Structure formats: structure tokens, C-alpha cells
Amino acid sequence: MDLARQAPVEGLAPDADSGFWRRDFLLGAATAAYQIEGAVHEDGRIPSIWDSFSHTPGKVLNADTGDVACDHYHRWEADFELLSELGVDAYRLSIAWPRVMDEKGRPNPKGLDFYKRLLDRLAGKGLQRFVTLYHWDLPQYIEDRGGWLNRDCAYRFAEYAELMSRELGGRVTAWTTLNEPWCSAALGYGLGMHAPGKRDWHLALQAMHHLLMGHGLAIQAMRPHDPAAKYGIVANVGRGTPNSDSPADRRAAELFEAQHNAWVLDPLLKARYPEALAELLPGARPLVLEGDLATIATPMDYLGINYYFRTNVESDGAHGFREVPLPDVERTQMGWEVHPDGLRDLLIGFARDYANLPPIYITENGMASDDKVVDGVVDDAQRIRFLRRHFNAVSAAMKAGVDVRGYFVWSLMDNFEWAYGYERRFGLFHVDYATQTRTAKNSAKALKAFIAERRERS
Ligand code: IFM
């Protein structure tokens with residue numbers, strides 16, 4: 001696909017003094033295994049909780065599943081040409097745990113070879129490789145033993161992580177242990193919107209604790225085998241703003257951010273859970289054994305931040321908050337408010353609140369729109385504006401002193417958007433799922449143009 005020959009489009013170049021122009025500021029695109037790979041029964045892959053969940057009636061919009069997805073398992077070579085076409089510096093992908101280990105915990109050579117081929121090709125293209133170990137596809141047999149509610153899961157995860165560092169060490173620029181533990185715990189165990197579909201906030205607290213334990217144990221197990229790589233975790237963060245100036249609403253916004261951000265970041269960076277959790281869920285505490293918090297706070301080389309929207313909240317009159325959607329604000333296909341300042345404010349706040357905040361990569365940011373191919377063109381002007389405004393918001397945080405090293409667009413291409421199936425389109429490239437045709441959206445062309453201009457200037 002030759003983007004250069006296509007019509008010029010509105011640019012997404014950030015402000016002239018933005019750190020995004022620096023050649024050493026990493027620009028990339030991201031995906032995750034279950035959302036793109038398909039081939040769920042091939043080469044020894046075993047079932048995951050998302051296979052079970054997506055095949056359960058009523059769990060995913062339009063009964064979509066990841067069985068085929070973008071068929072990336074068979075089309076990865078052509079998909080990597082899209083990365084070259086964009087000219088990005090880096091690619092963020094995830095490894096499917098169920099593809100690389102069998103039910104007895106033994107390595108699956110065919111699955112491992114798949115990721116070796118991918119990583120070697122990316123390295124050959126000169127791209128940095130950001131590799132996530134857990135982007136939600138827990139092997140179903142581990143779920144059958146209690147999943148993340150069972151402390152043993154953290155140790156099984158560390159075994160898997162160690163195996164990956166032995167097998168793939170030297171091929172990876174940066175390892176990410178977990179993608180968005182908040183989503184795994186809150187959506188998977190608190191709200192039931194994601195696999196494994198449980199609805200009990202007490203369970204969510206315990207699942208989070210074991211997820212974070214798995215993270216710390218994994219870094220400890222991996223570093224000796226792949227000492228040159230960087231190690232970190234990816235947290236999705238939420239901006240909460242008060243609906244009024246009243247003390248109750250201001251406290252509600254604080255509680256919202258504690259529940260979304262500090263629940264994950266405090267144990268990682270302060271070796272303790274925030275007091276606010278007890279205020280939100282009186283009497284509920286995870287079972288924490290001696291030494292657990294030190295394990296969770298194992299030093300990291302970077303922190304990945306995923307940001308999408310802001311939530312306006314008021315006090316619920318009891319222990320928490322409830323959302324008050326703002327009228328007349330710009331929203332995306334997900335219904336999420338477009339609010340770039342929220343990202344700037346959160347980054348500045350994290351740098352203030354965490355003395356040991358490691359360097360940051362924005363590991364996901366992007367938006368869904370109901371994109372259509374018309375005469376070969378996908379006019380996604382809203383995404384171009386969205387990206388430019390978020391580039392500028394991140395730059396503003398950098399100017400305020402926050403150490404941000406890179407930014408990944410979510411996502412390289414349209415894919416399986418979890419409980420929303422294929423209806424919600426986040427990609428820079430449009431995917432026609434019937435034919436598996438990829439079409440560059442105007443945002444892809446605009447990103448390519450910015451990257452080319454940046455290269456010329458440096
Ligand atoms: O598609 C997801 C991704 O898997 C995790 N972060 C949020 C994205 C958009 O919802």
C-alpha cells in the first residue's frame with residue numbers, strides 16, 4: 001500500500017516546540033494478541049478465558065469472537081509492512097500465554113517460533129519491540145483453578161514470564177508484565193464486563209493483589225535471563241473531575257482517581273494500597289501476606305500509561321462517586337469524552353505524587369469511530385484532531401518536567417474491541433473483516449506525513 005501516492009490530508013503535526021519532534025522521542029503503534037491474531041485452534045494454542053467469554057451468549061456485542069479477528073497469525077508479514085509504511089520507531093504487541101505453554105506448563109515450540117519470527121522481523125526493520133506478557137488472555141485451565149483469585153496464579157504467571165525471558169531474551173526492547181491490571185480486576189471481577197465475568201468488588205480487590213504480585217515476581221524472574229531489556233507495567237488511568245465545587249463532589253473526584261489510578265500505582269510505587277479503597281469499600285481488604293507489597297514494588301525501568309477519556313463525577317451521597325455525563329462535549333464512538341487536558345493533568349500529578357516515578361511511555365491513546373471506506377478513502381478527521389491534541393497535551397506535561405519518552409497509537413488496525421466486538425474501530429488502518437483488506441485511514445496518512453517531516457528536520 002503506497003500511502004505517498006494518495007491525496008494529502010489535514011496534518012497531525014504537534015506544535016512547533018513539541019517534544020514529539022525530537023528524533024529520540026519514540027513513536028509507535030500498538031496491538032494485542034487476542035484482538036488481532038485469530039487462529040485460536042492452531043499450532044497447539046489452548047483455550048483462554050476470552051475464548052470462553054466471547055462464546056458465552058450475551059457477553060459480546062453481536063456475538064463476535066476472536067476466532068478469526070484480523071487473521072494476523074497468517075497475515076503478520078503484510079501487517080508489518082503497514083508499520084514500515086507509517087515509518088514508526090516502535091511496535092507494541094502482546095504474547096498469547098495460551099499459545100506458548102500447554103496445560104502442563106510445558107513450552108509450545110510452534111507458538112514460541114511464531115513470536116520469534118515476529119520479533120526478528122521487527123528487529124530487521126529497525127523497530128523497537130515493546131512486548132506485553134499479559135493482555136487479558138489467561139489460559140482457561142488456570143481460570144478453572146481459580147484464576148487470579150488463586151494466589152498460585154501469580155506464581156504460574158512468573159513461570160511463564162521466566163520462560164519468555166529465556167526463549168525470547170535479546171529480542172525484546174521492553175517487557176511489559178501486565179496490560180491494565182485495573183481492567184482485569186475491575187471489569188473482569190468487579191463489574192463482570194470482561195472475562196471471567198464475575199461481579200463482586202471484594203473479588204476484584206483480591207484479583208488485583210494477585211495480578212500485582214504476578215507483576216513483581218515476573219520482573220524478578222526475568223531480569224537475570226534478559227538483563228539488557230527494560231521492564232515495566234502498563235496502567236490505564238482515568239481523569240475524574242468534580243461536577244460542582246462542593247466538598248462532597250471534590251471528594252468524589254478524588255475517590256474516582258484513587259479507585260482508577262492509586263489502586264494500581266500506590267502499591268507499585270509506594271508499596272501500599274491507598275486508604276481511599278477502604279472508604280469506597282468499607283471493611284473490604286485483600287489478603288496481603290508479609291513481603292507481598294515489597295514484591296509488588298520491585299523496581300521498574302518505565303511505566304506505561306494508557307489514557308482515553310475523562311469522567312465527570314458527583315458524590316453518591318454515601319461512600320463513593322457516580323458519573324454525571326457532561327452535555328455538549330465531544331465524544332467518540334465509545335461515548336468517551338475527548339479531553340486531552342486530562343492526560344496532561346494526570347501526568348503532572350503523577351510526577352508530583354510519586355517521588356520515584358520511572359520514565360513514562362504513553363503505551364496507548366486513540367479513539368474509536370464508525371469508519372467507512374468510501375471510494376478507497378477513510379475520512380477520520382476526528383481521529384487526526386484527537387491525536388494532535390493529545391500529542392500537544394503530552395508535550396505540555398513534558399514541558400512541565402514530566403519524563404515522557406514515547407507514545408503509541410492504539411491501534412495499528414481495527415480489531416476485536418473486547419465486549420464491543422468488531423463494531424468499534426480504533427485502527428489507523430481500516431479492516432474489512434469479510435475480505436481481510438486493510439485500508440489506510442486518513443489518520444495513517446497524516447501520521448506518516450508527520451513522521452516523514454520529523455525525519456527530514458532531524
Ligand atoms: O482495545 C483496548 C485495549 O485492549 C486495552 N486498552 C483500551 C483499548 C480500547 O478500549
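When a ligand or atom number is given, it counts from 1 through the structure's own listing order. The shown structure was predicted, so the numbers you read here are calculated from the model rather than taken from an experiment. Starting from 1, each residue takes its place in the sequence as its number.
- For the ring pair (Phe, Tyr, Trp, His ring centres under 6.0 Å) test, no residue two or more places apart in sequence or in another chain qualifies with His430.
- Within ligand 1, the atoms closer than 4.0 Å to a non-hydrogen atom of Glu364 are 3 (C), 5 (C), 6 (N), 7 (C), 8 (C), numbered from 1 in the order shown.
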What's the verdict on side chain to side chain donor-acceptor pair (under 3.5 Å) for Glu323 and Thr311, showing C-alpha distance, side-chain angles and the deciding distance?
CA-CA 7 Å; Glu323 184 178 359; Thr311 309; 5.1 Å; no
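- Close approach to Phe426 involves these atoms of ligand 1, each under 4.0 Å from a residue heavy atom: 9 (C), 10 (O).
- Considering only non-hydrogen atoms, atom 9 (C) of ligand 1 lies nearest to Glu417 out of Arg424, Met367, Glu417, His135.
- On a distance-only criterion, Asn179 and ligand 1 share no N/O pair closer than 3.5 Å.
- At a 4.0 Å cut-off, at least one heavy atom of Trp418 sits close enough to ligand 1 to count as contact.
- Aromatic ring pairs are classed by plane angle as parallel below 30°, tilted from 30° to 60° and perpendicular above 60°; the pair His194 and Trp418 is tilted.
- Of the polar atoms of Trp136, none of the N or O atoms is found under 3.5 Å from an N or O of ligand 1, judged by distance alone.
- Taking 4.0 Å as the cut-off, Trp336 counts as a neighbour of ligand 1 on heavy-atom distance.
- By the ring pair (Phe, Tyr, Trp, His ring centres under 6.0 Å) test, Tyr302 is found to be paired with Tyr361, residues two or more places apart in sequence or in another chain being considered.
- Taking the six-membered ring for Trp, His209 and Trp148 have ring centres at least 6.0 Å apart.
- The two residues Ala39 and Arg45 come nearest to each other via the heavy atoms O-CD, 4.0 Å.
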